[in-house]
There are 2 protein chains.
Amino acid sequence: MARKLSTLDPQRLDNQICFAVYSAAHAFNRVYKPLLDRLGLTYPQYLVMLVLWERDDVPVKDIGEKLFLDSGTLTPLLKRLEAAHLVKRTRSSEDERQVLIALTPQGHALKEKARSVPQSILAASECSVSELVAMKDEIVALRDRLNAVIGE
Amino acid sequence: MARKLSTLDPQRLDNQICFAVYSAAHAFNRVYKPLLDRLGLTYPQYLVMLVLWERDDVPVKDIGEKLFLDSGTLTPLLKRLEAAHLVKRTRSSEDERQVLIALTPQGHALKEKARSVPQSILAASECSVSELVAMKDEIVALRDRLNAVIGE
DNA sequence: TCACATTTAATTGTTCGCAATTGAATGTGC
DNA sequence: GCACATTCAATTGCGAACAATTAAATGTGA
């Protein structure tokens, strides 16, 4: 009976989905680390490169909206990517408030080197693609509901 | 057809479960923030308090194993909790290498004030308890598989 | 006993992540 | 056209997160 109560106690760490998500994010990060080290990227930098590989020459704000990050995070990160010669930052001539982020040739070339990353992650997760897709969709739906609550 | 290809492209941001987990963790953090501000805690500090509310007077290492965090993260965090008079750090007399973390009366008392936090999160997630429990179990299983790969 | 490895926490340095503020550029309402 | 608000990036300050190293305490084998 005491056991049953404790498994239902919402204040117990093991019962909290949020801790599951938090600790899973760290676990993913640790799996990615050796793969991304070879590319000279951190995980958030890799996310920015994924955005840019999809579409280039975009303002900082667009990147922030896709990744849910603000300029306080992105400005220094993008400066590091620029220092690594992967992107170029230029003020937009139409709207001088915006800084446009464009890939350099090296930045474009890195996409090929990064091609094997997702399948390495898939292998590490020891899960079928369809299971992962289902989980991903559930987590995204939860995330979007949470973000909707924040936006109120 | 082009659409179908892009929904299967593993190099696309939207197709990556890791980004789903990463961004969901941040969304949770933003929901927790106003709730925890009232308690004077950050989310990682709240996790440490959850551990201590379950069992008190434990070495730093035990906390680290439960939260998957190392001393580089925990030492300064615990010093901040000590500065806030929520915990006390004392060297173990049996094993002088260990630092034992104990709750102060204020630390114990905070548990009552924190009691409403989980249900606020539940409300924000707009999800049934059973759905959340199922998701949590899936995510924990994935996390544990990832951590097993790292340990090799 | 004594050399040696292991365990544990602390420290240092780098990178995120975000709140709050600043300052410049742009848009608006009158 | 001009005061005013809004938008956008940059900056500052603080708190994680982790790799790598250090130093002290403990355990182990010969």
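A, B, ... follow the sequence lines: proteins, then strands. Residue 1 opens every chain. Nothing here was measured: the structure is a model prediction, and the numbers come from that model.
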Would you indicate which nucleotide in [options] comes nearest to any side-chain atom of [X]?
| X | options | value |
| --- | --- | --- |
| A:His26 | C:dT11, D:dA17, C:dG17 | D:dA17 |
| B:Ser71 | C:dT11, D:dT11, C:dG17 | C:dT11 |
| A:Glu96 | C:dC16, C:dA25, D:dT11 | C:dA25 |
| B:Val60 | D:dC8, C:dA19, C:dA9 | C:dA9 |
| A:Thr42 | D:dA16, C:dT15, C:dA9 | C:dT15 |

Is [X] close enough to [N] that one of its side-chain N or O atoms is under 4.0 Å from OP1 or OP2 there?
| X | N | answer |
| --- | --- | --- |
| A:Arg91 | D:dA9 | no |
| A:Gln98 | D:dT7 | no |
| B:Lys33 | D:dA16 | no |
| A:Tyr43 | D:dA17 | no |
| B:Thr75 | C:dA10 | yes |
| B:Lys79 | C:dT11 | yes |
| A:Arg80 | C:dC16 | yes |

How many Å lie between [atom1] on [X] and [atom2] on [N], as a whole number?
| X | N | atom1 | atom2 | answer |
| --- | --- | --- | --- | --- |
| A:Leu77 | C:dG17 | CG | P | 8 Å |
| A:Asp70 | C:dA19 | CG | P | 7 Å |
| B:Asp37 | C:dC18 | CG | P | 14 Å |
| B:Tyr46 | D:dG15 | OH | C1' | 19 Å |
| B:Leu69 | C:dA9 | CG | C1' | 15 Å |
| A:Leu78 | C:dT15 | CG | C1' | 14 Å |
| A:Leu100 | C:dA25 | CG | P | 16 Å |
| A:Phe28 | D:dA17 | CZ | P | 17 Å |

* **Test: B:Arg115 and B:Glu112 ion pair at under 4.0 Å** => yes
* Asked: Would you call A:Lys33 and A:Asp37 a salt bridge, taking side-chain N to carboxylate O under 4.0 Å as the test?
  ->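 Looking at A:Asp37 together with A:Lys33, the answer is yes, because their closest N to O distance falls below 4.0 Å.
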* A:Tyr43 ring center within less than 6.0 Å of B:Tyr22 ring center ->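 Between B:Tyr22 and A:Tyr43, the centre distance is under 6.0 Å.
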* **Spatial distance of atom CD (B:Gln98) from atom CG (B:Asp62) [nearest 0.5 Å]** =>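 It comes to 7.5 Å.
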* To do: Enter the distance from A:Leu122:CG to B:Cys18:SG here, rounded to the nearest 0.5 Å.
  => 12.5 Å
* Assign each of A:Leu74 and B:Phe68 to its nearest nucleotide of DNA chain D by heavy atoms, then name whichever residue's nucleotide is nearer the 5' end. =>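 Upstream on the strand: A:Leu74.
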* To do: Indicate, with a heavy-atom threshold strictly under 4.0 Å, whether A:Pro59 touches base, sugar-phosphate, or nothing.
  =>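 Sugar-phosphate: the residue A:Pro59, judged by heavy atoms under 4.0 Å, touches backbone atoms but no base.
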* Taking all heavy atoms of A:Cys127 and all of B:Arg145, pick out the closest pair and write down the distance. =>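 Heavy atoms only, the tightest pair is SG-NH2, 3.3 Å.
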* On DNA chain C, nearest-nucleotide positions of A:Arg97 versus A:Gln45: which is more 5'? -> A:Gln45
* Could you pick out which residue, B:Asp95 or A:Glu94, lies toward the 5' side of DNA chain C when each is mapped onto its nearest nucleotide? =>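 First, find each residue's nearest nucleotide; the 5'-ward one identifies B:Asp95.
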